[in-house]
Every structure is written in C-alpha cells, then in structure tokens.
Amino acid sequence: MPQINLRRCGHGRRPPSAPHVAIRRAPGIAMAAVLVGLQLLAGGARAIVPSESMPGEPPTALPVAASFKPVDEFERLQFVGRAQPELATVGLLRYVDTLAVDSPRHLEALMELGSGYVGQNKGDEVEQVALRIEALSDRLPLARPCAMLLRGQWMQTHGEVSKAERQIIEAQVLLPAALPDWLRLRLLMNSAFVKNRGGHYDEAMARYNQALKLADETGPMWRRIDLRALVASVLFDAGQTDKAAEINHEQMRLATESADEFGISSAYTMRAIEFSRGRDSGTVLADWRAALEHARLGGSKHQILIGMGNIADYYLQHGDFQTAYDLADKALPLAVAANDLPAQSVAVANKGLALIGMHHKDEGLPLVRQSNSIDERSGTAVDISEAQHELGDYLERAGYLDDALAAYHQYRQLSEELNQQDRQRALIELQESFANENRQHELDMLGREGRLKDEEIRHHELQVKQWTAGGVVSVLLLAVVAVLARRLRVRNQLLSVSNEQLRLQAEIDPLTGLSNRHHLQAVMADKHAGGLEGTLYLLDVDHFKQINDRCGHAGGDTVLVEIARRLRQVLRDDDLIVRWGGEEFLVLVRPLPQGEADALAQRLLCALAEAPVMHDGDPVPVSASIGFAPFPLRRAPAQGELPLNWERAISLVDAAMYLAKAHGRNGACSVRSVDAEGLAQVEELIEHLEKAAGDGRAELHFQQGPGPRQGTAAPARAPEQPRTPAHGAEVA
C-alpha cells in the first residue's frame, strides 16, 4: 500500500508527500493505509457531543465495530493496526513466529509487519523485515519482488516517489500473472499512488477502481471504507469534486452503518478538508469537532492529535488566537507522551502563531523556529518556503510589517531557489521513470519470447535424437529440424539485438539526445563503484521557469536542445554529458588540474551565454550557474584525498551550484578542498557549505560568466582570469 507520512503544510496547500491531507498546519489524516499498520481502530457508535475542549485520552475499552467479525488472528491484527500500530506490530512479530516459513501466509504477515514499521517511521526495522523476506527467495518465488515492494513503500513515505516507481516496475517484471488477492491489492495501491503523484489521474483512478472492486469482492467492510477515502481524494485532486463528494458520502454511509468510528472520523475530516469551500464556517467547525470526537471514541491517540490540530488551525484562521493557543497547549503534552514528533511540531507551531496573533511576537517566533527544528529532526520538513509565507501572513495580520517583509523575502528566495526547483526536478524524474516503464516491459516480453524459442529448439533437438534410429526418414527429419533450428537461432540473435537497442534507448534523453539518469547509474556502477574519480560539473539554467512562462514549453525545449548542442561543442566525445533533470545537466571529465578545471568552467559559461537562443524569431537570453569539484575530494593541505560515492559527489556540487546562484547567477562555484575527517563531516559541510567556507573548513572559488550578473549579490571573491589550456578529458 502507499504509506502516507503525516506532514505539516501551508494554508490551503497540499504537501507533496500525500494525495490528501488535513488543513494548514495540522499533520493530516492517513486514510490511504489499507492493509498497513497506520490504519486506526474503529469503535462502537455513539452520539456526538462536539467540543474542542474534550479530554484528550481515548476510552480504556476499545470496542470492535459491530459489523466486523475477524476470521482469524491475522485479520484481527490487521484491524487493530488501524488505531494502534505499535500494538499490532508486537502481535505480528509473535504471529509470524508461529507460521511455517514456506507458507504463503508467512510472506503476507511479514509484508504486513513491514508496512506497520513504515507507518511508525522505523526505517531500520523496515529494512530488517525486507532482508528477512529476501531470505525466503529459495522457498517462495514471490519473496524477492515483495521485498522490493516493501522498500518502495518506504521510499514513497519519504518523498522518493521516482525510486519507488522503479521498484514497482522491477517487481512487476518478476511477478507472475496470477497473484494472490492481498498482493494484487498491494501492487495496485502502490502503482496508483505514484501515478497520482505524477498527475496521471486517469491511470491512478483506473488502478484505484480495480483495487476498490477487489476489496469489495474479497475484503472486510473497514477496508472498503478506507479505499473510498483514497478514491475521493484522487477525484478531488483531478478536479472532479462532484464525484469526489459522492464517494465521500458513500464512505460516510458505510462507516455509519458498520459503526466504524475511524471510518466516520476520516469521512468527516475528508469532507471538512475537501468540501469546505463556500460552506458555512459553523458547519465546517462542526465537521472538525465530529471528526475529533469519533477519533476519540475509536481509541486512537494519533487521530485525536490530528483532530485537535485541525480545530486549533481553524481558530487561527478565524482570528480566535486565545482558543487556538489553549487547544494547542493542551495537545502538546499528549503529543510528547505519544512520542509523535509531527504532532509535536504542529502543536508548537500553532502555539507560536497564536502568540504572534496576540501580539506576543518575541514569545511566538522562537516557538515557530522550534517547530521547524522538530521537523528537521523527524524528517518531516517539507514546503519550508510555504511555512515562511504562512509566518509572514500572521506577522502582517499582527502589524509586524518589517518582520513580515523579511519572512516574505525568505519565502520568495526559498520558493525560487529550492521549492520550485526541487518539485520540478522530482516531476521530471518521475516522468522519466514512467517513460521507461513501457521500455522495460518490452524488454521483459522480448526476453520471455527468447526463452520460449530456446525451449522450442531444445525440444526439436531431443526429437532429432529419438528419430535418428529410424534411418533415412530420421535423416530427412534431422535436416528439416536443423533448418528450423538455424532459423530460430537467427531470430533469437535478432531479439538480442533488439534487446540491446531498447536498453540503449532507455538510457538516452529523447529531447536532447544526451545520456539520462539511467545511463549515469550504469556508468557509476561499472566504473566508479569504489568512489567517483574525475571532475564533476552540475549546470542549472538560470530563470528557466521564466523562459517557459514567456515562450511556452516549446520555447523551453528549444533552449534545452540548444544548450545540449553547445555543451557538445565545448566538450569532447569521450566526456560524459547527462541531462540530470528538467533544466540541469551533469558533466563528468577526467581528473583535471585546478587551472584546467576553472578554465573548462569558464568555457562552459561563455558557450551557454555567448548568444541568445532563437525561438520563433525571438531571441531568448540564456545563462547558467555551475557547481563543480574534483574527485576524490581534496582535503586540506597535506591531508590527502577523501573518496566519495557518486551520490554524495552530486550533492556537493549541487550545494556549490546553489551558492553560484546565490551570488548572482551566470557564474560558477568550485569546491577546491575541504577539512573533513570522514563522510559524516562531509555531509555536514554539504548542508552548510557557505558557513563552512567562512569557518575555513572548505575552500571555495567563484567565477563570473560573460556579461552582467543576473542577481544582486556579489561574489565572495573576485573571479580569476581563466587560463586556456587545451582540455583533454577521457572516458568517465
């Protein structure tokens, strides 16, 4: 199943990690966790007495929904996991040990256990379960692809949707056509999630509808209720609000009829989030209160914290800061007791914003910063720029105009330099993985056809041996079979050639003709497995979004094609040039002396900015920002070299590239050496590269491209005049 992490998000915006969430700062509701440990327990039906000041603790008794009768211990544990994932995983650990290792239920229970750990954000435990599943590969053919699906589920919860998509594709190649219902449902949900994340709503809905049909035929009522919440969310994302409302109404009806308190709570939350526009604010508040009360009756502390956060946010938006503060203050100790870091972050942030609204800025701002710190520790910080925009809104409403302006300025800077860039990069990466899905499928089909032909050849050769004893007739038949065998072998050779052609096509960017990520990964695995060796450049086209806005996507494509042509002109045929993302390009050449490396960077800057790119008769000015470094990384004088894998090397030059942008764009920033003992210190340098340079822990050098700078910041050092030695890069 696509596991959803709970995220804090900006007002009226959806965090990119989930198909549907709660409002502004509330952590949201994980209604997508069918068959996973994050789903929450349902309780008995009870009358609602809405009150945001209700006790936070759930009832001690946890009644099972009247319509749910578990058929065995495993189904009961699945159901318990909706409200108490920690309790369910403890029970699953004991349950798994009672099963024979070669039984199909053993594999299913391990997958459920791993999904429970995903819901609790326990990465080490997820990997341990995945390894335990892989160990069953000799006995259970489904084990290896199941381990891949579990790892893909973990990737989805941490924003690595493109990697998760590749895991799904690779798992599908290994899976047989006939699957058990539980695995087919899990595969459909994972695939639908990544399709929805990529904006392919029709494909996502097709998979969700298949999953819903399968759940309606084979699953218990609570699973059918949860799936309807997912479908309603995707319909809303696709703009089909009327259909989304119908599904939400159906979810509410089924949950009410089956006395499923969690299902009722999620239906109220969904309705309040997605369908509150244009409705009476009192009705919306009543929905939030009802969602909270049903969550309390269902017995989930986590859902209670979600509801309290939603209601506190409602009061923040409507200017009742004292009530918002009181509710957030009440939620915070519950979140601490539950060790729920996202809920802690929400409560602290809401307290801070409420204090700002009550004109206690000096008390409120540290709490907002503390909330951001909690997000960073828990790995749930997304949309940082949107959080700054929200902070600016509340500062402005309270009359702190200078502070609001500073927050807005930081929002614009982060939004341009980080948020939009990262999202576009993630989208392009996801689209690339989608484009490769069909290619991988064709490769798999061709491979299967080849294996069938090989079996046919062996069958005929066996018949020939049997017929040899028949004399002349056998000789004639042998001749016929030999001709047939030769034809089949020729066809297999052609299939092998087709396989190789498809493999090459999968490693070429169709727009620019350059290598793509898949080719880079293959090169790294083949030639740089022990650490990257060479000089690595990362180029990012300046203000590419503005080019797209002004000239359309066709104009943007023209610019990218021309940039690829200019890069080929500067570089040699043996150099590795990769289209890394939407408007990012990687260049890897042999290890160069510092002077030659600087000169090559200057030549690249000049080549890209030498003349505007013409599109439909109009000139489009182009420049780029570059980050580069030699690898192995040079340590401080007389300390030798520090080998890095290629992923960390790219992270380092990416940080340098952003510094080049911060210093005015149309320039380059190189990392010449670092003072670091190991990888942990390198990671810290990457996160705070400019500060490390100021502290003397990194040596940086800035160069300016031709023409005026495109920003206002000045470079930290005056650029040196580039030398012009001949560049002689070899195969990377």
Side-chain angles (χ1 to χ4, degrees), residues 417 421 534-544 563 566-572 575-578 580 583-612 621-631 633-634 636-637 649-674 685-686 688-694 696-729:
E417 300 292 341
Q421 180 73 22
T535 305
L536 182 66
Y537 298 79
L538 176 62
L539 300 84
D540 184 272
V541 182
D542 293 327
H543 299 303
F544 187 72
I563 287 176
R566 295 181 184 184
L567 290 177
R568 290 192 188 96
Q569 282 189 329
V570 173
L571 298 162
R572 294 193 172 188
D575 296 333
L576 179 62
I577 314 174
V578 177
W580 181 242
E583 67 273 19
E584 289 185 333
F585 298 85
L586 274 175
V587 173
L588 180 61
V589 302
R590 67 175 175 86
L592 297 175
Q594 190 62 59
E596 290 188 33
D598 292 345
L600 178 57
Q602 195 69 25
R603 291 173 61 194
L604 292 170
L605 290 170
C606 293
L608 297 183
E610 64 182 357
V622 174
S623 68
S625 300
I626 303 177
F628 68 101
F631 297 96
L633 197 58
R634 295 166 187 161
I650 291 176
S651 296
L652 180 62
V653 296
D654 182 70
M657 182 270 292
Y658 274 110
L659 285 183
K661 285 187 177 294
H663 284 270
R665 294 185 172 82
N666 187 23
C669 173
S670 63
V671 182
R672 295 194 166 181
S673 65
V674 299
L685 289 175
I686 292 173
H688 308 284
L689 186 56
E690 191 164 29
K691 182 178 183 300
R697 293 179 293 127
E699 181 186 358
L700 305 182
H701 174 68
F702 291 90
Q703 298 171 235
Q704 183 175 344
R709 284 277 187 174
Q710 296 191 17
T712 58
R717 295 172 51 181
E720 298 178 358
Q721 293 297 323
R723 290 175 285 174
T724 57
H727 168 56

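We use all heavy atoms of the structure for the numbers below, so side chains are in, but hydrogens, waters and symmetry mates are not.
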Original post:
Which heavy atom of Val653 sits nearest a heavy atom of Ala629, and at what distance?
Top reply: CG1-N, 3.8 Å

Original post:
Salt-bridged, Asp598 to Arg603, with N to O below 4.0 Å?
Top reply: no

Original post:
If you look at every heavy atom in Pro612 and Pro621, which pair is closest and at what distance?
Top reply: CB-N, 4.0 Å

Original post:
Where is the tightest heavy-atom contact between Val541 and Lys661, given as atom of each residue plus distance?
Top reply: O-NZ, 3.9 Å

**OP:** Show your reasoning for whether side-chain contact (heavy atoms from CB on, under 4.5 Å) applies to Trp580 and Val587.
**Re:** CA-CA 9 Å; Trp580 181 242; Val587 173; over 6 Å; no

Original post:
Should Arg665 and His543 be marked as a side-chain contact (heavy atoms from CB on, under 4.5 Å) after you check the CA-CA gap, both sets of side-chain angles, and the distance that decides it?
Top reply: CA-CA 9 Å; Arg665 294 185 172 82; His543 299 303; 3.5 Å; yes

Original post:
Does the side chain of Ser625 come under 3.5 Å of the side chain of Asp542 through a donor N or O and an acceptor N or O?
Top reply: yes

Subject >> Leu592 CG to Phe628 CZ distance, which is reported to the nearest 0.5 Å >> reply: 9.5 Å

**OP:** Quick one: closest heavy-atom pair of Leu685 and Ala692, and the distance?
**Re:** CD2-CB, 3.1 Å

**OP:** Return the set of residues passing salt bridge (Lys or Arg N to Asp or Glu O under 4.0 Å) with Arg697 (not counting sequence neighbours), or none when no residue passes.
**Re:** Glu684, Asp695

**OP:** Check whether any side-chain N or O of Tyr537 sits under 3.5 Å from a backbone N or O of Ala597 as a donor-acceptor pair, and report yes or no.
**Re:** yes

**OP:** Give, for atom CG of Leu536 and atom CZ of Phe631, the distance between the pair rounded to the nearest 0.5 Å.
**Re:** 5.5 Å

**OP:** Evaluate the criterion side-chain contact (heavy atoms from CB on, under 4.5 Å) for residue pair Leu539 and Leu567; output intermediate values, then yes/no.
**Re:** CA-CA 10 Å; Leu539 300 84; Leu567 290 177; 3.9 Å; yes

Original post:
Any donor and acceptor pair, going by atom type alone, linking the side chain of Glu690 with main-chain N or O of Leu659 inside 3.5 Å?
Top reply: no

Original post:
Looking only at heavy atoms, which two atoms of Cys669 and Ala656 are closest? And how far apart?
Top reply: CB-O, 3.3 Å

Original post:
side-chain contact (heavy atoms from CB on, under 4.5 Å) with Arg566: which residues, sequence neighbours excluded?
Top reply: Glu562, Leu608, Glu610, Ala611, Val613

Original post:
Do Asp654 and Glu584 have side-chain heavy atoms sitting under 4.5 Å apart?
Top reply: yes

Subject >> Side-chain touch Glu699/Arg634, heavy atoms, less than 4.5 angstrom >> reply: no

Original post:
Does any non-hydrogen side-chain atom of Leu600 lie less than 4.5 Å from one of Leu571?
Top reply: yes

**OP:** State, to 0.1 Å, how close Ala693 and Leu700 come at their nearest heavy-atom pair, and which atoms those are.
**Re:** CB-CD1, 3.5 Å

Original post:
Is there a side-chain contact between Gln594 and His701, using heavy atoms and a 4.5 Å cut-off?
Top reply: no

**OP:** Kindly indicate whether the side chain of Asp575, heavy atoms from C-beta on, has any atom under 4.5 Å from the side chain of Leu588.
**Re:** no

Subject >> Any donor-acceptor pair under 3.5 Å from Gln703 side chain to Ala599 backbone >> reply: no

Subject >> Which residues share a side-chain contact (heavy atoms from CB on, under 4.5 Å) with Ser651, sequence neighbours left out >> reply: Ile686

Original post:
Which of parallel (below 30°), tilted (30 to 60°) and perpendicular (above 60°) describes Phe702 and His663?
Top reply: tilted

Original post:
Does some side-chain heavy atom of Val671 sit less than 4.5 Å from a side-chain heavy atom of Leu689?
Top reply: yes

**OP:** Mark yes or no for whether Asn666, through its side chain, and Pro706, through its backbone, hold a donor-acceptor pair below 3.5 Å.
**Re:** yes

**OP:** Give the intermediate values and the outcome of side-chain contact (heavy atoms from CB on, under 4.5 Å) for residues Ile626 and Leu538.
**Re:** CA-CA 6 Å; Ile626 303 177; Leu538 176 62; over 6 Å; no

